[in-house]
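Taking it in order: structure first as structure tokens, then the write-up.
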Amino acid sequence: MTILRVEGISKSYSGALVLDDLSFELEAGEIIAMIGPNGAGKTTCFNILDGQLRADRGQVFFADTRISSMETHEILRLGVGRTFQIAATFHSFTVAENVQIALLANRGLLWNLHSAARDLCRDEAQRMLERLGMLAQAAQSCSALSYGDLKRVELAIALAGHPRLLLMDEPTAGMAPRERLELMALVARLARERELSVLFTEHDMDIVFAHADRILLLEQGRLICQGAPAEVRADPRARRAYLGHDLGAP
């Protein structure tokens, strides 16, 4: 089943073309990496997919629903989750409270730390943190966490809406090498267990080639090649885009 269909989206800023007629599809349970040099248009694409930006041209469909003109909260409610380059959490709240807030928000419930709402969704938050290996830190303030653990909390927040599609913009940025591998292995496991589709951007090519089922390579807003990791690694256009330094030998 096709979970995401992007049809010819284009976006310009002050006359500069950032995305140029971009089209691709993502199947249920598939993990796709979108790669490309800085300025290739990856984050702009993500911002269009989750409703933060409007494409100048083209359409985006989530399952069979056209989402191109929807607001971000409407798209999230349909089943699209997102993490960002810089981890976004409430630093003054505990790990568990951050996840509870996300669970309550996805149910349209009011969060109030000084009311009975403090106990709502507590068990579900604990179960989610246990699956992500964060249960021991549940009572800690997010301000006291390492950056790698903050990224796990952000992942828990994104999963609180039980998404069918997860958008991850540079999920391992700022993390130590071991933390990067552990986080993406966790994401891959969750994708298999939940038939969760994942679209992620990443500059670490070891992460990309280890975990992506398919790779999309953007250059100056255009999709210049796509395919399985081995196909992209061997493609002369991919090697040219990265000057042959990051992709390794075919």
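Starting from 1, each residue takes its place in the sequence as its number. Every value quoted in this text rests on a predicted model; they were computed, and no experiment measured them.
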R131: which residues meet the salt bridge (Lys or Arg N to Asp or Glu O under 4.0 Å) condition with it, sequence neighbours left out?
E193

Taking all heavy atoms of L76 and all of G81, pick out the closest pair and write down the distance.
CD2-CA, 4.4 Å

Grouping I, L, V, M, F, W and Y whenever their side-chain heavy atoms are under 4.5 Å apart, do M34 and V208 come out in a common cluster?
no

I want to check something: taking the side chain as every heavy atom from C-beta on, are L145 and Q140 in contact at a cut-off of under 4.5 Å?
yes

For the student: nearest non-hydrogen atoms of V232 and A238, plus distance
O-CB, 3.3 Å

Check whether S141 reaches the backbone of S143 with its side chain - one donor and one acceptor, N or O, closer than 3.5 Å.
yes

Kindly confirm or rule out a cation-pi arrangement of R66 over F61, judged by NZ or CZ under 6.0 Å from the six-membered ring centre and within 45° of its axis?
no

Donor-acceptor contact below 3.5 Å, side chain E71 vs main chain H73:
no

So, R194 side chain and G29 main chain: donor-acceptor pair closer than 3.5 Å or not?
no

Go through the side-chain N and O atoms of Q100 and R122 and say whether any donor and acceptor fall under 3.5 Å apart.
no

Hey, are the side chains of L159 and L190 touching, using non-hydrogen atoms and a 4.5 Å cut-off?
yes

Is there side-chain contact between T172 and M184, with at least one heavy-atom pair below 4.5 Å?
yes

Are the side chains of L22 and L216 in touch, meaning some heavy atoms are under 4.5 Å apart?
no

Any side-chain heavy atom of I215 within less than 4.5 Å of one from P229?
yes

Looking only at side chains, do D56 and S10 share a donor and an acceptor under 3.5 Å apart?
no

Within the 3.5 Å criterion, strictly below it, is a donor on E27 or S197 matched to an acceptor on the partner's side chain?
no

Before accepting this row, confirm whether a basic side-chain N of the pair R5/E7 lies closer than 4.0 Å to the acidic partner's carboxylate O.
yes

Which atom of R82 lies closest to which atom of N47, heavy atoms considered:
NH1-OD1, 2.7 Å

For I35, is there any backbone N or O sitting under 3.5 Å from a side-chain donor or acceptor partner on K42?
no

Under the salt bridge (charged side-chain N to carboxylate O under 4.0 Å, His left out) definition, can you give me all pairs with a residue in residues 14-25, not counting sequence neighbours?
D20-R222

side-chain hydrogen bond (donor to acceptor under 3.5 Å, both in side chains) evaluation trace for D50 with T72:
CA-CA 6 Å; D50 78 352; T72 298; 4.6 Å; no

Are there over 12 heavy-atom neighbours, none belonging to E182, within less than 6.0 Å of that residue's CD?
yes

Sorted by chain and number, sequence neighbours left out, salt bridge (Lys or Arg N to Asp or Glu O under 4.0 Å) with R164 holds for none

